[in-house]
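These values consider heavy atoms only, across backbone and side chains, with no hydrogens, waters or symmetry-generated copies.
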Number of protein chains: 2
Amino acid sequence: MDSTQLLKGVLDLAVLAVLDERDGYGYDVVRRLREAGLEDVGDASVYGTLRRLFKAGALTSYVVASDEGPHRKYYGLNDVGRDQLASSAATWTAFAATMADLLKERRPS
Amino acid sequence: MDSTQLLKGVLDLAVLAVLDERDGYGYDVVRRLREAGLEDVGDASVYGTLRRLFKAGALTSYVVASDEGPHRKYYGLNDVGRDQLASSAATWTAFAATMADLLKERRPS
DNA sequence: GCCACTACTGTGCATTGCGCAGTAGTGTGC
DNA sequence: GCACACTACTGCGCAATGCACAGTAGTGGC
């Protein structure tokens with residue numbers, strides 16, 4: 001299965017979860033997601049997701065200068081974002097449980 | 001979170017799992033998925049998925065007449081389908097574990 | 001100066017789930 | 001016999017979203 005399709009609808013959740021730990025800028029979020037196990041996540045997907053979440057009012061944003069490269073656009077959760085994280089996490093957990101149920105019923109191969 | 005996006009890439013797996021239990025026709029698969037907890041799954045999505053999987057060579061197909069309505073197009077797994085089910089299930093399980101990990105690290109709200 | 005690494009933006013595409021309309025067979029009630 | 005409901009499948013077009021790719025820029029090493 002192409003694991004990119006699995007991310008559909010879940011990348012938002014993953015990004016929110018990472019930002020809930022601590023604020024981060026795009027490049028940093030990409031690295032943290034990859035370290036967490038989402039190795040195939042594309043950078044453009046993360047930047048796109050951040051922009052989308054920000055536009056939706058779930059994130060705050062501030063720019064910080066950097067010693068080792070261009071400026072960094074940091075993002076952090078606001079109340080809307082935390083709400084979205086909580087409800088998305090609940091939805092995901094329920095969905096994953098349903099899928100686990102479906103899978104465990106199959107005949108042993 | 002819109003649970004329709006969560007299905008992306010997973011509906012194939014869910015359909016394969018259901019068909020692994022026992023052969024089924026479109027309408028029947030829709031009902032079984034809904035009973036399993038995927039209540040919002042659209043019928044057109046399932047029919048589309050069945051056609052796609054069949055076209056990809058993962059399913060067998062045979063038509064059976066019915067007493068209570070139109071004919072039924074039954075689908076069943078072949079070896080390719082069982083392989084795909086096994087590998088997709090493994091991918092999904094790993095992915096779900098990664099997500100669970102990501103979520104459990106967040107601060108308590 | 002050239003290259004590598006960091007960091008972000010924009011464009012266009014592919015996949016896939018869904019709404020909706022349409023076709024068709026069977027049985028029920030009037 | 002006709003309208004209607006339920007079963008069952010097909011086709012069309014749309015929307016969401018992840019990604020590849022190209023482009024812009026800053027910093028530092030050689």
Side-chain angles (χ1 to χ4, degrees), chain A residues 1-16 23-34 38-56 58-59 61-75 84 88 91-92 95 99, chain B residues 1-16 23-34 38-56 58-59 61-75 84 88 91-92 95 99:
Chain A
M1 176 161 31
D2 186 0
S3 89
T4 120
Q5 288 301 322
L6 293 183
L7 273 180
K8 293 269 177 185
V10 186
L11 187 54
D12 283 26
L13 173 56
V15 167
L16 288 171
D23 287 6
Y25 53 96
Y27 218 70
D28 176 51
V29 172
V30 171
R31 271 191 304 235
R32 285 204 262 160
L33 288 175
R34 289 191 177 147
L38 301 179
E39 289 160 29
D40 294 338
V41 71
D43 60 329
S45 309
V46 174
Y47 284 115
T49 299
L50 286 169
R51 274 177 263 173
R52 196 149 29 79
L53 288 172
F54 178 70
K55 201 174 156 195
L59 301 180
S61 173
Y62 50 95
V63 172
V64 176
S66 164
D67 290 348
E68 12 173 310
H71 68 285
R72 295 165 171 173
K73 195 183 284 182
Y74 276 80
Y75 292 97
Q84 187 175 332
S88 291
T91 304
W92 161 259
F95 179 80
M99 284 304 300
Chain B
M1 175 162 27
D2 186 1
S3 91
T4 118
Q5 288 301 323
L6 293 183
L7 274 180
K8 293 270 178 184
V10 185
L11 187 54
D12 282 26
L13 173 57
V15 166
L16 288 171
D23 287 7
Y25 54 96
Y27 218 71
D28 176 51
V29 172
V30 171
R31 270 192 304 235
R32 284 204 262 158
L33 288 175
R34 289 189 177 149
L38 302 178
E39 289 159 31
D40 295 339
V41 71
D43 60 331
S45 309
V46 174
Y47 284 115
T49 299
L50 286 169
R51 275 177 259 172
R52 197 152 26 80
L53 288 172
F54 178 69
K55 201 174 156 197
L59 301 180
S61 173
Y62 50 95
V63 172
V64 176
S66 164
D67 289 347
E68 12 172 307
H71 68 285
R72 294 167 171 170
K73 196 182 284 182
Y74 275 80
Y75 292 96
Q84 187 176 333
S88 290
T91 304
W92 161 259
F95 179 80
M99 284 304 299

Novice: OP1 or OP2 of D/dA8 versus the side-chain N and O atoms of B/Y25: is any pair under 4.0 Å?
Specialist: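 Checking B/Y25 against D/dA8: at least one side-chain N or O falls below 4.0 Å of OP1 or OP2.
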Novice: Tell me whether the side-chain N/O atoms of A/Y47 come closer than 4.0 Å to OP1 or OP2 in C/dT9.
Specialist: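 Answer is no, no contact under 4.0 Å.
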Novice: Could you tell me the separation between the CZ atom of B/R72 and the C1' atom of D/dA8, rounded to a whole number of Å?
Specialist: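 Taking CZ of B/R72 and C1' of D/dA8, I get 9 Å after rounding.
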Novice: So if I take every side-chain heavy atom of A/K73 and compare against D/dA8, C/dA7, C/dC8, which nucleotide ends up nearest?
Specialist: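 In terms of side-chain proximity for A/K73, the closest of D/dA8, C/dA7, C/dC8 is C/dC8.
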Novice: Expressed as a whole number of angstroms, how long is the span from A/Y27:OH to C/dT9:P?
Specialist: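 Taking OH of A/Y27 and P of C/dT9, I get 14 Å after rounding.
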Novice: To the nearest 0.5 Å, what is the distance between OG (A/S45) and NZ (A/K8)?
Specialist: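 So the OG of A/S45 and the NZ of A/K8 are separated by 8.5 Å.
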Novice: Taking it one step at a time, do A/D28 and A/R72 satisfy side-chain contact (heavy atoms from CB on, under 4.5 Å)?
Specialist: CA-CA 9 Å; A/D28 176 51; A/R72 295 165 171 173; over 6 Å; no
Novice: Specify the closest pair of heavy atoms between B/F95 and A/L38, including all atoms of both residues, with the distance to one decimal.
Specialist: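 Nearest pair, atom of B/F95 first, then A/L38: CE1-CD2, 3.7 Å.
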Novice: Provide the closest heavy-atom pair for A/V41 versus A/R34 in the form atom of the first, atom of the second, distance.
Specialist: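 So the minimum-distance heavy-atom pair works out to O-NH2, 2.6 Å.
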Novice: Classify A/R51 by what it touches in the nucleic acid, base, sugar-phosphate, or nothing, heavy-atom distance under 4.0 Å.
Specialist: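 A/R51: base contact, heavy atoms under 4.0 Å.
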Novice: Quick one: is D/dG18 close enough that its OP1 or OP2 comes under 4.0 Å of any side-chain N or O from A/T49?
Specialist: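 Yes.
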Novice: Taking all non-hydrogen atoms of both residues, which atom of A/V29 and which atom of A/G24 are closest, and how far apart?
Specialist: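 Distance-wise, the nearest heavy atoms are CG2-C, 4.2 Å.
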Novice: I want to check something: taking the side chain as every heavy atom from C-beta on, are A/V63 and A/Y74 in contact at a cut-off of under 4.5 Å?
Specialist: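 Counting from C-beta outward, A/V63 and A/Y74 never come under 4.5 Å.
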Novice: Please state how far atom NZ in A/K8 lies from atom P in C/dA14, giving the value in whole angstrom units.
Specialist: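 It is 13 Å, rounded to the nearest whole Å.
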Novice: When the distance from CZ of A/F54 to P of C/dT9 is rounded to whole Å, what number comes out?
Specialist: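 These atoms are roughly 11 Å apart.
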Novice: In this structure, how many angstroms lie between the P atom of D/dT10 and the CZ atom of B/R52, rounded?
Specialist: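 Atom CZ in B/R52 sits about 14 Å away from atom P in D/dT10.
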Novice: Could you check how far CG of B/L6 sits from P of D/dA15, rounded to whole Å?
Specialist: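 Going from CG in B/L6 over to P in D/dA15 covers 21 Å.
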Novice: From the list C/dG17, D/dA8, C/dA7, which nucleotide is the closest neighbour of the side chain of A/P70?
Specialist: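 Output: C/dA7.
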Novice: Rounded to the nearest Å, what distance is computed from the NE2 atom of residue B/H71 to the P atom of nucleotide C/dT26?
Specialist: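 From B/H71 NE2 to C/dT26 P: 11 Å.
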Novice: Are any protein N/O atoms closer than 3.5 Å to N/O atoms in nucleotides 19-24 of chain D? If there are, list each pair with its distance.
Specialist:
unit_1, atom_1, unit_2, atom_2, d
D/dC19, OP1, A/D40, O, 3.4
D/dC19, OP2, A/G42, N, 3.0
D/dC19, OP2, A/S45, OG, 2.3
D/dC19, O5', A/S45, OG, 3.2

Novice: Between the side chains of A/Y27 and A/D43, does any donor sit under 3.5 Å from an acceptor?
Specialist: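 No pair is found: no donor N or O on one side chain lies under 3.5 Å from an acceptor on the other.
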Novice: Could you tell me the separation between the NZ atom of A/K55 and the P atom of D/dA16, rounded to a whole number of Å?
Specialist: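 Whole-Å distance recorded here is 11 Å.
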